[in-house]
Amino acid sequence: QVQLAESGGGLVQPGASLRLSCVVSGRSLSNLEMGWFRQAPGQEREFVAATRWSSSHTFYGDSVKGRFTISRDNAKNTVYLQMNSLSPDDTANYYCAARPGRLVQSQISYARHYEYWGQGTQVTVST
């Protein structure tokens, strides 16, 4: 059973940075496609970023390109999301997701293709 545990969320001011972590247990990270999604109250779950297990390829949602960076440390079984230049629009619960095997590129940004999910970590950007 794969388990995902996010951490690193919090309350920050606009313009600040945060780094989220997702620790994976129960399976080697090196065989998982990994993604970050977020969901604000009353809104659908939104794709944020993803990274392939088989390469260094990364993918980003349009609203975070140039500000967020996803990375993975297979030795630590941990995926990170570095978030810079945060704005109130980034306020949401952030979820880590995993999928064994390979997703085709057209599937990467859709939550329904990920099999395992963490409980989420809240990020609030406010003055």
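All values below come from the heavy atoms of this structure, side chains included, with hydrogens, waters and symmetry mates left out.
- The structure places CG of Leu81 at 7.5 Å from OH of Tyr94, a figure rounded to the nearest 0.5 Å.
- Residues Val79 and Tyr116 fall within the same hydrophobic cluster, defined by Ile, Leu, Val, Met, Phe, Trp and Tyr side chains chained together at heavy-atom separations under 4.5 Å.
- Closest approach of Leu32 and Arg72 over heavy atoms only: O-NH2, 2.9 Å.
- In this pair, Phe37 and Tyr114 present their aromatic rings perpendicular. The plane angle is above 60°, beyond the 30 to 60° band.
- Using a 4.5 Å heavy-atom threshold, the side chains of Thr91 and Gln122 count as touching.
- Minimum heavy-atom separation, Cys22 to Met34: SG-CE, 4.3 Å.
- Cluster annotation: Leu86 is connected to Val48 through the hydrophobic network of ILVMFWY side chains, with a link wherever side-chain heavy atoms come within less than 4.5 Å.
- By the 4.5 Å heavy-atom criterion applied to side chains, Cys96 and Trp117 are not counted as neighbours.
- A heavy-atom distance below 4.5 Å is found between the side chains of Leu11 and Ser126.
- Every pair passing salt bridge (Lys or Arg N to Asp or Glu O under 4.0 Å) that includes a residue from residues 78-93 is listed here, sequence neighbours excluded: Arg38-Asp90, Arg67-Asp90.
- Side chains of Leu103 and Tyr110 form no contact here, defined as non-hydrogen atoms less than 4.5 Å apart.
- Looking only at side-chain heavy atoms (C-beta outward), Val2 and Glu115 stay at 4.5 Å or farther from each other.
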- Task: Using the side chain to side chain contact (heavy atoms under 4.5 Å, CB included) rule, take Asn84 and Ser17 through it: C-alpha gap first, then chi angles, then the decisive distance, then the call.
- Result: CA-CA 4 Å; Asn84 298 328; Ser17 298; 2.9 Å; yes

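- Proximity of Gln13 to Thr127: side-chain heavy atoms (C-beta onward) are nowhere separated by under 4.5 Å.
- Using a 4.5 Å heavy-atom threshold, the side chains of Tyr95 and Leu4 count as separate.
- Around CD of Gln107, the count of heavy atoms belonging to other residues, nucleotides or ligands within 6.0 Å exceeds 12.
- Atom CG in Leu18 sits 9.0 Å away from atom CZ in Phe68 (nearest 0.5 Å).
- The minimum heavy-atom distance between Tyr60 and Ala49, with the atom names listed, is CD2-CB, 3.7 Å.
- One finds the CZ atom of Arg52 at 11.0 Å from the CZ atom of Arg99 (value rounded to the nearest 0.5 Å).
- The distance from atom OG1 of Thr58 to atom NZ of Lys65, rounded to the nearest 0.5 Å, is 10.0 Å.
- Rounding to the nearest 0.5 angstrom, the gap separating the OG atom in Ser28 from the CG atom in Asn74 is 6.5 Å.
- When atom types are taken as modelled, the side chain of Asn93 and the backbone of Pro41 share no donor-acceptor pair closer than 3.5 angstrom.
- In this structure, Gly61 and Phe47 approach most closely via the heavy-atom pair N-CE2, 3.5 Å.
- Of the inter-residue distances, the one linking Phe59 atom CZ with Ile70 atom CD1 reads 10.0 Å to the nearest 0.5 angstrom.
- Checked against side chain to side chain donor-acceptor pair (under 3.5 Å), Gln39 has the following partners two or more places apart in sequence or in another chain: Arg45.
- With a 4.5 Å cut-off on side-chain heavy atoms, Leu20 and Met83 count as touching.
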